[in-house]
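Order of the sequence lines sets the chain letters (A, B, ...), proteins ahead of strands, with each chain counted from 1.
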Amino acid sequence: MTADRVREVTAAQHRKTRPARPPRAGVRLARLYAASRRIPAAVAAIAACAIGLRIALAGHWDSYGALQLPLVFEAGAAAAITVTTASPHGDPERVAGRWLPFLRLAAALALTAAAASALAAAGTGAHLAGGTLDALRNVAGMTGIGLLCAAALGGGLAWAGPTGYLVLGAYGLYTQWHGPALTTPWIWPARPPHDLGAAICAGLVFTLGIAAITVRGARDPAGE
Amino acid sequence: MNVEITGLTRRFGRTTAVAGVDLRAGPGVFGLLGPNGAGKTSLLRMMATAMPPTSGRLRLLGRDPGRYGQRRQIRRRLGYLPQNLGYYPGFTVAEFVEYFALLKEMPAARVQAAVRVAVERVELGGKAKARLRTLSGGMLRRVGIAQAIVNEPELLLLDEPTAGLDPEQRVAFRALLRDLGRRATVVVSTHLVEDVGAACAQVALMDRGKIVFHGTPADLAARGEGHGIGDAPLERGYSAVLTGVRS
Amino acid sequence: MNTTNAPAVSRQLPATRRPGRTAARLLRLELRHNAMLWMLPVAIALFWLTTYRKAMAMPPLWNLRATSMQSGTLLAFACPVAGAAAWTGSRETRRHTTEMVTVAARPRWARLLAAWAAATCWAMAGYLACLAVLYGVTAQQASWGGPLWWPAAVLAASLPAFSAAGFAAGTLLPSRFTAPLATVAAFFVVALSTQLIAGSQSYWQVSPLVTGPWDTGPDAGVATFYPYLPDLPIAQVMFLAGLTIALLAALALPRGSGGRGLRAAAAAVTTAGLLAAGTAVALAGTGKLDAHGMITIPALHDAASDRPVRFTPACSHTAIPVCLNPAYASYLPATVTAVAPALSEIAGLPGAPVRISQAAATYQQQAGNAVSVRLDGPPISGRPPVYHLLLPDQLLGPTMTTSELAAEVRSSAGPAIVASVIADRPGASQAQHAVTAGLIIAAGLPLQGLPPGTTPAADSRPGVRSQPPPEVAPGSPAYAAARRFAALAAPARHAWLMRHLTALRAGRITLRQLP
């Protein structure tokens, strides 16, 4: 066998041993990443929020309750998204290649989109106060708060942000009836769905949260 | 006898982790050797009252761990270091050891002194106020040992205690084991036969849930003469026994 | 490892001699590392935003501040403490210490109780600090009365209950999702389940968010003329304490939590707790709105609480004194100014009131959650006659600033005082309507304020109308007569009324007979 022939055979063997469809490695990586972050459980929690909202919307609510209702489920979905940022692997994962930031970004975006879609779908055909736009804005904004908390406090405690904001947002809605009114766009749940300032604030917080979690990831657990 | 085990069995579904083990141990350091999956950790967990046996008889410190009151008395006199040490990263070394001293129902007046002594004995006195999240793996292992010995246990169960310790620390740890073994029954589960040779008066070798050898380290070394593979006599004895059992 | 340098510890005693001291040390250790400590800034920030700001925007009345504090502070603290307790409850699983702590002698239940207590202590410390600030500031601002402790007690009972619920969730279902879902569930239960309340006989009044008839919000009209009724708070505290005890005792039920005796005792305590909570719910269902605006529960009611509160009214030094309950003393100057134009028109007339005196409002439950608030009896009565005034803040609706209140008194109470002197009530003569309207126009008051009266529904206020009543609508004969009467000089009007008021009140004067 000549050297050229050896080279040819080796190249052919390489071709044979290479995965038949390279993208499957990416899918496998994404699946393993999702499993490590308990993303299937988060999806289940989001689905539970959507189902809960749908069931709740079948009930009779006064005008204040009807406004608060979607916010509760939006906060629940946002909190579920943010706790998926906690990494069980720590440094070994952090130093294992360039894909991690992209996986974090993709997971956060996909879960936020899933939550907004599921909650909007749950409100279809029922009286969802604020409508789809409101759900999208609130979920994105509260997820952004949670992602920023994850970057600052760790993934395990990231839920403190969205749930704290839930109380504030619900109070903001309450002040529409009983003053002194909170009208700042930073409390976006209390603003109408088409309010540009509120949408910009929620979008800004979401963008900052996504950027923080993509670049930095959730802070390692701070302990008890 | 501090440990009296007769026909002890533990099953997990169809898997039998411990299969009819008989064992008696008095004060002194007792080594538990065996390959991965031999059933050492399951046996140790049953002895630690962390897991009840499926069948068989177990008496610890002259008491029946199946009865709540007696189990509680055993636990007051027990020290246990599991294979995977769980810890609270925000606690300091002293707080973590104090936490376990309190859980072991030590008299409050003696806790502080006992914590100081336990931390000193694992040579972490200078790190007593350091948070656990700042410690290295070896230091964390020593914290685990400190919590196990803080109550001066009469029965001390250590699962892979030297994992992560540097050679100097391992030598010091063996001395500590010998010291503890003067008054208490110390059961050490390990893969490292040199630890057994240096610190243990008795050794048992487990394979597939059964004790396949029980004797002194010298007896085990003798079983390897002319047989087995390994650099040290104990290693050769270890491999010779396992080869004999499996053939 | 040191075998010789460290002093050997002598053999330990078989058991702790002073369990209280050991438990205290364990609690101290837990306190240093509890997640609620990290959540306190969130809770305090929420308190400031949702409760303190709102309370400070209200008049310095103890009833308003205390009841608004109960509702607001509950949400600010209950959600964080439920989440922090759930986080604490799941700690052993999260940190893989379950096996190590299980083989320690202290019973699982005692160990868990220390962790729960730490979360609860921090929440209580934060709450008590907030309460001290709010009540301290109110004590400096309020003109009369003292702190209402029942709302504070309900809150103090609420935090352990929410903490216990979160902790139980974290212990039984340890997962990274437990804490956030416990927090959201706590909010849902507190804020949205009040939708189930319909009327004063609802079982869900047992919710610690409820301070009185639901939908009325903080009400300045209660607990000033009559004491703050503890009936509903007692039921709420009973419910919350029962729930807390049941949840905590239930932690000792699983095998391995303790000895047979402990578990049997835990089962008994759990049952007792559930029974107490159930009884409290049943008691809340028997509640009804009393005439003084509070929920009475017959089985818990003390008749002594129905006796009016003794007080010395705060009175103005005017020709016709205006007297208010001292709790509302800060409103006195504005009220005097507001009623002065009307009083100047009627002063000295036969049958004119010798005093304007603030009265207690009477409450009545309407359909659903609607409540009517009105003056019980005629506005003017007694000899010498006294006009009974309800301040707008005693009626339902959002609380007002002093200037808003003054404008409201001017536009509603002023015309009402004039109408009561002229006996201008439904069925009165055209001349009475015209004279009343003339005096109101002369006093510079709005005709829309006529007639004075009551609030038919929860959120409406008396006298707030955009149009005058049809009897004196512009273009009507009565209106023309009223304008003529108003155009007279004040002494002429007064002299005419001195001569003809008795006949006018009896309906014997016609429009044509008016000057």
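Only the side chain of B:F100 has a heavy atom closer than 4.5 Å to any heavy atom of chain C. Neither the backbone nor the side chain of B:Q73 comes within contact range of chain C; no heavy atoms are under 4.5 Å apart. Proximity to chain C (any heavy atom under 4.5 Å) is shown, for B:L103, by both the backbone and the side chain. Contacts of B:R67 with chain C are absent, with no heavy-atom separation under 4.5 Å from either backbone or side chain. Contact annotation for C:E30: only side-chain heavy atoms (C-beta onward) come within less than 4.5 Å of a heavy atom of chain B. Residue contact with chain B, scored on non-hydrogen atoms closer than 4.5 Å, is absent for C:R108.
Between chain C and the residues B:A109, B:G69, B:G144, the most heavy-atom pairs under 4.5 angstrom are made by B:A109. The choice from B:G125, B:A101, B:G86 that makes the most heavy-atom pairs within less than 4.5 Å of chain C is B:G86. Of the listed residues (B:R75, B:R45, B:R71, B:R72), the one with the most heavy-atom contacts under 4.5 Å to chain C is B:R75.
One distance of note links CZ of B:F96 with OG1 of C:T97; it measures 7.0 Å at 0.5 Å rounding.
Using a 4.5 Å cut-off on side-chain heavy atoms (C-beta onward), C:E99 and B:Q83 make no contact. You'll find the side chain of B:P107 stays beyond 4.5 Å of the side chain of C:R21, heavy atoms only. Using a 4.5 Å heavy-atom cutoff, the side chains of B:Y68 and C:R255 are not in contact.
Among B:L85, B:L81, B:N84, the single residue meeting the side-chain contact (heavy atoms from CB on, under 4.5 Å) criterion with C:M100 is B:L85.
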Query raised in the report: Given C:R25 and B:M106, is the side-chain contact (heavy atoms from CB on, under 4.5 Å) satisfied, shown in steps?
Result: CA-CA 11 Å; C:R25 286 185 74 110; B:M106 290 186 71; over 6 Å; no
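Between C:P107 and B:E105, the shortest heavy-atom contact is CD-OE2, 3.8 Å. Residues B:L102 and C:L29 share a closest heavy-atom pair of CD1-CD2, 4.3 Å. The minimum heavy-atom distance linking C:V103 with B:A48 is given by the pair CG1-O, 3.0 Å. Nearest approach of B:Y99 to C:V101, heavy atoms of both residues: CE2-CG1, 4.1 Å.
A cation-pi geometry, defined here as NZ or CZ lying under 6.0 Å from the six-membered ring centre and within 45° of its normal, holds between C:R91 and B:Y88.
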